[in-house]
Each structure stands twice: as C-alpha cells, then as structure tokens.
Peer 1: 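Have a look at this one before I ask anything.
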Amino acid sequence: DAKTTQPPSMDCAEGRAANLPCNHSTISGNEYVYWYRQIHSQGPQYIIHGLKNNETNEMASLIITEDRKSSTLILPHATLRDTAVYYCIVRRYTGNQFYFGTGTSLTVIP
Amino acid sequence: GAVVSQHPSWVICKSGTSVKIECRSLDFQATTMFWYRQFPKQSLMLMATSNEGSKATYEQGVEKDKFLINHASLTLSTLTVTSAHPEDSSFYICSAPPTGNSPLHFGNGTRLTVT
C-alpha cells in the first residue's frame, strides 16, 4: 500500500474550517484514500474515504486532486471535540489491513 | 453500523503473567481481524492479521510465540500476551473489515500495564 505524508501538527480556531493535507504521490489506480481520527486513548474513528471524486458526508469533505497524488480533509466548522490525531491512509478497497502513518495532531483553539 | 467490541478496556498485570484480550464483531462476521499496538505519542503499528480457520500472519519483528492469536469464530479473535513484561505495556487495538462496502472498523482499545 502507498505511503502517506502529513504535517505533524496543526491548529485551527473554533468555528473555522480545518483543512488537513495529505500527500500520497505513489498511490496506484486501485487504491482508495481513507481518513480516520483518533481521540486520546480511543480506537480510530472512520471519517470518510474516496477514490478519485470529491466526497462529502455529515462529518467532513474529502478533496482529491486530479492526479490523485494528494488530498485534503476539510472539517467545515471545527469544534473543540474535533481535537484529535487525523490519519490519512491509502489502501486497496477491501480485505487489506491498514498501515498507519504518523498522522496530524489537530488542536482546535477556543 | 458495524461495531467492533474489545474487552477489557484496561488491564494491569504482574510481570511474567499472561493476559488475554478479546475482540468481537457485534453485528457482522469477520474472517479476518487485525491487531495493532500503539505506544505513547506514536502511531498504530500493525502486529498481526488474525484469520478464521487458519494461522495468524505476523508482521516482521513481532514474536508469534509471545503474542498468541486465536480466531475462534467468525465473530471472535483473541490476543494473548504471554509472559508479559513491562515493555509490553501498550495500547492494543483490534479492527475488522465488515463485508460489503463498509470501511474498516476499530475497537476502542485495551490499555495494558505490566508492573
């Protein structure tokens, strides 16, 4: 599975949009981009995933560049409860384990 | 939605004893489950893949005789940390892929402290 690169940490003001970037320049055509987050001492929580089209759900939006070498997770109105480590993962669609990178520690500031 | 349950959520044991951690898929069947370990301020590291009806597959560097995995049924996998030592103290997390189009779901983890 392709490796990902994320900034180690980011801050975001409460109520503003949080934009978390991820580079996955070696992604192959059949690999999806997944985003998870982990709040301290809990298991990772699924946020969103996509292949090549932009995706939106009740939690976030996922913007994938046309060449698929990078993506951005957008939390439209960050709250204090969004403070967590966010992981960007690429893998084939089903059956394969996830390999986690170092993630981005997002701190939402009041 | 798909739910993965892990038990216990935390455990403290003495050095040299063994500890068993259970991972259950509550509303779906899982032929494979994955076990991760996470040290403080670090990312999740995949330890092994648990396979129902066959032997587990371990990642490089993980001692299979120390971390015993048994996939007893389509809804239960167990990880036993044998002869635990303080350096085994960590956060252990399991996950399972539901069938269909659902993404991988994770348990809430087990905090193991070996004294």
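So you know, we letter chains A, B, ... as the sequences are listed, proteins then strands, and number each from 1. These numbers were taken from a predicted model, which means no experiment stands behind them. Reckoned from all heavy atoms, side chains included, excluding hydrogens, waters and symmetry mates.
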Peer 1: Checking Gln38(A) against chain B: side chain, backbone, both or neither under 4.5 Å from a heavy atom?
Peer 2: side chain

Peer 1: Quick one: pull up CD1 in Ile63(A) and OG in Ser71(A) and give me the separation to the nearest 0.5 Å.
Peer 2: 9.5 Å

Peer 1: Side chain, backbone, both or neither: which part of Ile93(B) has a heavy atom under 4.5 Å from chain A?
Peer 2: side chain

Peer 1: Check each atom of Ser41(A) against the heavy atoms of chain B and say whether the ones under 4.5 Å are side chain, backbone, both or neither.
Peer 2: both

Peer 1: Got a second to check how far Tyr32(A)'s OH is from His49(A)'s NE2, nearest 0.5 Å?
Peer 2: 6.5 Å

Peer 1: Would you say that more than 12 heavy atoms from the other residues, nucleotides or ligands in this model lie under 6.0 Å from the CE of Met45(B), or not?
Peer 2: no

Peer 1: What part of Gln38(B) gets closer than 4.5 Å to chain A, counting heavy atoms only: side chain, backbone, both or neither?
Peer 2: side chain

Peer 1: Are Ser25(A) and Asn23(A) linked by a side-chain donor-acceptor pair shorter than 3.5 Å?
Peer 2: no

